[in-house]
> 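Okay, here's the structure, questions in a sec.
We count residues from 1, following the sequence as given. Side-chain atoms are counted along with the backbone in the values below, which use heavy atoms only and exclude waters and symmetry mates.
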Amino acid sequence: MLNLQSLILPQAGRYLAPLSCSSSISRRSSMAPPILSLALPSGTGRVLSIQSHTVQGYVGNKSAIFPLQLLGFDVDPINSVQFSNHTGYPTFRGQVLDGQQLWDLIEGLEANGLLFYTHLLTGYIGSVSFLNMVFQVVDKLRSINPDLIYVCDPVLGDEGKLYVPQELVSVYKKVVSVASMLTPNQFEVEQLTGLRITSEQDGLEACNLLHATGPSKVVITSLLVDDTLLLIGSHQKTKGEAPKQFKIVIPKIPAYFTGTGDLTTALLLGWSNKYPDNLERAAELAVSSLQALLHRTVDDYKAAGFDPQSSSLEIRLIQSQDDIRLPQVTYFAEKYT
């Protein structure tokens with residue numbers, strides 16, 4: 001039988017006192033219990049996810065945390081903003097964190113030895129001070145785990161419109177330099193590279209420009225060329241070599257959804273962790289999972305008597321958990337030569 005009195009568990013470079021079964025001793029002790037995600041870590045990983053949060057609906061962290069948990073990750077969220085609902089509704093209320101508030105949370109984690117992460121994920125950030133602090137957060141996390149994988153979704157805008165202050169574009173160019181994977185949409189790629197994208201070749205060239213700034217993996221999650229919707233992926237396995245590039249053709253669904261970019265990035269993080277040297281496979285799984293979820297969302301709105309084309313749709317995340325955990329691959333990558 002295991003002797004609990006002699007069990008000692010590591011926690012962030014320290015050791016905890018022997019565990020005790022005595023409730024009276026536990027009540028008197030000020031020693032923190034072991035954090036099992038550190039002492040007995042998930043074989044998949046531990047993610048710090050810095051994104052927006054809405055009380056109702058699935059965008060930002062609400063769209064990313066559950067899928068990552070289904071794929072086996074421990075996930076700790078920091079909410080860059082906290083709103084009642086996403087901003088597409090007639091009104092919303094809430095709070096926006098600044099850079100100092102972010103750093104306070106990081107220092108609180110560090111003070112308790114809780115700052116070891118395998119992955120950092122960032123999404124919507126609404127202030128320059130907060131985004132500047134993200135750069136320092138990456139540096140801090142990599143001082144603790146040099147192998148940290150940073151997946152950055154540079155949420156700037158879409159369809160020719162910025163969602164954030166113009167000043168964030170230049171700050172993102174600095175943040176991108178420390179990212180492992182970048183997941184912009186077409187508009188965001190144009191903002192980061194200054195390249196107008198009107199063809200697949202433009203998209204590939206934009207990926208090359210972004211590789212040169214830092215990230216080894218770039219996925220343009222939505223690119224519209226000649227009325228065809230594409231995902232373009234690019235993986236530069238060794239700095240200086242030609243990247244492996246591919247596309248996935250995505251059938252357009254006649255509806256507008258919220259939270260899909262956040263979900264796509266989370267799925268790419270999750271499946272890239274399982275297939276670190278096969279970005280094509282990770283993208284196939286992510287796209288197939290997302291498309292199944294979107295079709296379910298449209299079908300459910302229709303079943304409720306709602307016209308899916310009349311407004312933006314909240315995605316059916318919980319109802320699609322089987323498609324997230326075990327997606328059937330129905331969309332395939334086509335490699336560029």
Side-chain angles (χ1 to χ4, degrees), residues 49 51-68 70 77 79-96 123-126 153-165 168 183-191 220-225 227-231 248-268 286-324 327 330-331:
S49 181
Q51 302 193 60
S52 63
H53 169 81
T54 57
V55 176
Q56 196 283 332
Y58 295 101
V59 299
N61 269 330
K62 285 282 291 290
S63 186
I65 292 171
F66 181 62
L68 287 170
L70 286 177
N79 300 324
S80 58
V81 302
Q82 177 167 272
F83 292 157
S84 55
N85 43 267
H86 70 70
T87 57
Y89 283 88
T91 185
F92 67 94
R93 297 289 187 274
Q95 302 81 37
V96 179
Y124 177 82
I125 292 167
D153 181 5
V155 181
L156 293 168
D158 199 4
E159 297 179 348
K161 180 182 178 182
L162 282 171
Y163 298 155
V164 298
L168 263 72
T183 61
N185 62 31
Q186 182 172 353
F187 175 75
E188 291 157 350
V189 168
E190 292 177 339
Q191 293 295 308
I220 304 177
T221 55
S222 59
L223 176 64
L224 189 61
V225 176
D227 205 38
T228 299
L229 185 62
L230 305 171
L231 175 147
I248 299 177
V249 178
I250 306 171
K252 290 190 290 185
I253 299 174
Y256 182 81
F257 306 89
T258 57
T260 54
D262 309 316
L263 174 57
T264 299
T265 297
L267 293 172
L268 285 167
V287 169
S288 297
S289 181
L290 176 67
Q291 289 297 303
L293 177 147
L294 295 183
H295 282 290
R296 174 173 284 103
T297 299
V298 169
D299 290 344
D300 286 356
Y301 271 98
K302 287 180 178 178
F306 187 86
D307 179 3
Q309 298 186 51
S310 64
S311 179
S312 62
L313 308 182
E314 299 275 12
I315 57 175
R316 297 287 275 174
L317 191 68
I318 305 304
Q319 295 77 10
S320 303
Q321 57 188 284
D322 289 342
D323 295 313
I324 295 169
T330 50
Y331 298 88

> To the nearest 0.5 Å, what is the distance between CD1 (I253) and CG (L294)?
4.5 Å
> Kindly compute the distance separating CD (Q95) from NE2 (H53), expressed to the nearest 0.5 Å.
10.0 Å
> Which heavy atom of P67 sits nearest a heavy atom of L317, and at what distance?
CG-CD1, 3.9 Å
> Supply the atom-to-atom distance D153 CG to T221 OG1, rounded to the nearest 0.5 angstrom.
7.0 Å
> What pair of heavy atoms forms the shortest contact from N185 to S222, and how long is it?
CB-OG, 3.5 Å
> Mind checking whether H86 and F83 have ring centres under 6.0 Å apart?
no
> Ignoring hydrogens, what is the shortest heavy-atom contact between L267 and L290? Give both atom names and the distance.
CD1-N, 4.3 Å
> Report yes if some heavy atom in the side chain of S311 is under 4.5 Å from a heavy atom in the side chain of F306; otherwise report no.
yes
> Show, in sequence, the C-alpha distance, side-chain angles and deciding distance for T260 and T258, and conclude whether the side chain to side chain contact (heavy atoms under 4.5 Å, CB included) test is met.
CA-CA 6 Å; T260 54; T258 57; over 6 Å; no
> Please report the closest heavy-atom contact between P327 and S289, naming both atoms and the distance.
CB-CB, 3.9 Å
> Looking at every non-hydrogen atom in both residues, tell me the closest pair between L268 and A286 and how far apart they are.
CD2-CB, 3.9 Å
> Strictly distance-based, threshold 3.5 Å: is any side-chain N or O of S80 a donor or acceptor partner for the main-chain N or O of Q51?
yes
> Could you check whether any side-chain N or O of D262 sits under 3.5 Å from a backbone N or O of Y124, counting only pairs where one atom can act as donor and the other as acceptor?
no
> Taking C-beta and beyond as the side chain, do Y331 and L231 meet within less than 4.5 Å on heavy atoms?
no
> Quick one: CD1 on I250 to CD on Q291, what's the gap to the nearest 0.5 Å?
6.0 Å
> Look only at the side chain of T265 and the backbone of G261, and say whether a donor-acceptor pair between them is shorter than 3.5 Å.
yes
> For N61 and N79, run side chain to side chain contact (heavy atoms under 4.5 Å, CB included): C-alpha distance rounded to whole Å, both residues' side-chain angles, the deciding distance at 0.1 Å, then the answer.
CA-CA 7 Å; N61 269 330; N79 300 324; 3.0 Å; yes
> Taking the side chain as everything from C-beta on, heavy atoms only, tell me whether L70 gets closer than 4.5 Å to L68.
no
> Do the side chains of D158 and Y163 get nearer than 4.5 Å, heavy atoms only?
yes
> Rounded to the nearest 0.5 Å, what separates atom CG in D307 from atom NZ in K302?
8.5 Å
> Any heavy-atom pair between the side chains of Y301 and R296 that's under 4.5 Å?
no
> Do the side chains of V164 and I125 get nearer than 4.5 Å, heavy atoms only?
no
> Between N85 and T54, do the side chains contain an N or O donor and an N or O acceptor separated by less than 3.5 Å?
no
> At their closest point, which heavy atom of I315 faces which heavy atom of G259, and how far apart are they?
CD1-O, 4.3 Å
> Could you give me the CA-CA distance, side-chain angles and deciding distance for L230 and V249, then say whether side chain to side chain contact (heavy atoms under 4.5 Å, CB included) is met?
CA-CA 5 Å; L230 305 171; V249 178; 3.7 Å; yes
> Are the side chain of E188 and the backbone N or O of L156 linked by a donor-acceptor pair below 3.5 Å?
yes
> Atom CD of Q56 and atom OG of S84: how far apart are they, to the nearest 0.5 Å?
9.0 Å
> Could you walk me through whether L263 and L293 satisfy the side chain to side chain contact (heavy atoms under 4.5 Å, CB included) test, starting with their C-alpha distance in whole Å, then the side-chain angles of each, then the deciding distance to 0.1 Å, before giving a yes or no?
CA-CA 10 Å; L263 174 57; L293 177 147; 3.7 Å; yes
> With side chains defined as the heavy atoms from C-beta onward, is the minimum distance between L162 and Q191 less than 4.5 Å?
yes
> Strictly below 4.0 Å, N to O, side chains only: are D227 and K252 in salt-bridge contact?
yes
> Mind checking whether T297 and F257 have side chains closer than 4.5 Å, heavy atoms only?
yes
